[in-house]
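Following: one structure in structure tokens, then a few remarks.
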Number of protein chains: 2
Amino acid sequence: MRISELSDRTGVTVATLKYYLRESLLHPGTPVSATRSEYDESHLDRVRLVRALIDVGHLSIDRVREVVQALDHPPASRHELLGSVHLVLRTENETGRPVDERVTRLAWRIEPRSVAAAQVSSALERAARESFDLSDETFATYASAALAIAERDVSDELGDLGAADALRYAVLGTVLTDPILVGLRRLAQEHVSAVKFGGLAEAAD
Amino acid sequence: MRISELSDRTGVTVATLKYYLRESLLHPGTPVSATRSEYDESHLDRVRLVRALIDVGHLSIDRVREVVQALDHPPASRHELLGSVHLVLRTENETGRPVDERVTRLAWRIEPRSVAAAQVSSALERAARESFDLSDETFATYASAALAIAERDVSDELGDLGAADALRYAVLGTVLTDPILVGLRRLAQEHVSAVKFGGLAEAAD
């Protein structure tokens, strides 16, 4: 398809698509003349991924480029692949931080330089600094809820996908479903609060 | 205390504190001379809250002002209070959206104009648009994990706090612990992936 059709099908303007091409977020099309290139389904997928990373994941252009480079050179093992996802989805100051003792006590199988472990440790420290230290019981509740979610996320089928597809699935899945989880927690708070402190007598219809 | 001590104890520069005062994010101190005001523990608490909302919650100055105004005029009922929290912590385009059928099927006690319900619906729709539609089983897993978390979040003690304290607790709790939950999910993914697809043989030490 021409760049104008790629624009129509993704809802991204031609000017923005050209910007993605210049910034290496989108791989070049196949040249068919001096002024025209042809794009295919792989470009459609890539543009949608880039939009999701920017709009939902709030990633910078540089970080999106890292994701895209990881997609083009995926690690061989399924497990390393997840480490790449967490690395590209990290926020600043989340690497190389000492791991919180509560994280260590979980005794999960975590790499010593795990980005996710640094992220949790950083968030725990920040909360404690605001006099909002999590009790051991609350941390245990959060960890077991997270484990139930992860058992569902890391499906066995992931092992059957090609490396690039598995990586794309894991990145998109994490970026797109974090807001669902955060929202569901607030929704559940509303429900529990209505039950405990009163509120609507009937379920919403 | 003088503004310089407030600055030392919060790590926020005097210039920024003056900006917070001008923008009504921080309530005025008690004037003790033409050029000096006295600040107290309530100012310490407020500055820490404002920092957390900006740094961790990524709220705009206008949104922080809404939170602060809600704190100064808290609703009487504990349940309405949670609605106020969700309202000030909403992201754009999350109000007035039709509620997703999967949310309705939860049969939780949710207000018809619930901000949290709109947030979940919007996130589900966005994921579906990227061909990442959640299966009913995955949604059910996420919802029951969220419920376990919320049962812990909305503690009975919340009913015993004064309205302003309860609101402050709920706002800070949500802003500071969302990143812990999001991080724990990734950490749990790493663990499950190591168990399923191989990786470290031993727990991290």
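Throughout, a chain's letter reflects where its sequence line sits, starting with A, and its residues are numbered from 1.
There is no side-chain donor-acceptor pair under 3.5 Å between A:Asp62 and A:Ser60. A side-chain N or O of B:Tyr142 and one of B:Arg185 form a donor-acceptor pair less than 3.5 Å apart.
Of the atoms belonging to A:Arg152, it is side-chain heavy atoms, and not backbone ones, that fall under 4.5 Å from chain B. Contacts between B:Ser121 and chain A at a heavy-atom distance below 4.5 Å are absent for every atom of the residue. Neither the backbone nor the side chain of A:Val99 comes within contact range of chain B, judged by heavy atoms closer than 4.5 Å. For A:Ser144, no part lies near chain B; criterion is any non-hydrogen pair under 4.5 Å.
For the set A:Ile180, A:Val182, A:Val120, the count of heavy-atom pairs under 4.5 angstrom toward chain B peaks at A:Ile180. Most heavy-atom pairs under 4.5 Å with chain A: of the set B:Leu49, B:Thr141, B:Leu106, B:Asp45, this distinction falls to B:Thr141.
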For this session: Assess whether side-chain contact (heavy atoms from CB on, under 4.5 Å) is satisfied between A:Leu184 and B:Phe139, documenting all intermediate values.
Result: CA-CA 10 Å; A:Leu184 272 173; B:Phe139 185 74; 4.0 Å; yes
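A salt bridge does not link B:Arg186 to B:Glu190: none of the charged side-chain nitrogens sits closer than 4.0 Å to a carboxylate oxygen.
Listed for the A:Arg102 side chain is a donor-acceptor partner under 3.5 Å among the backbone atoms of A:Leu134.
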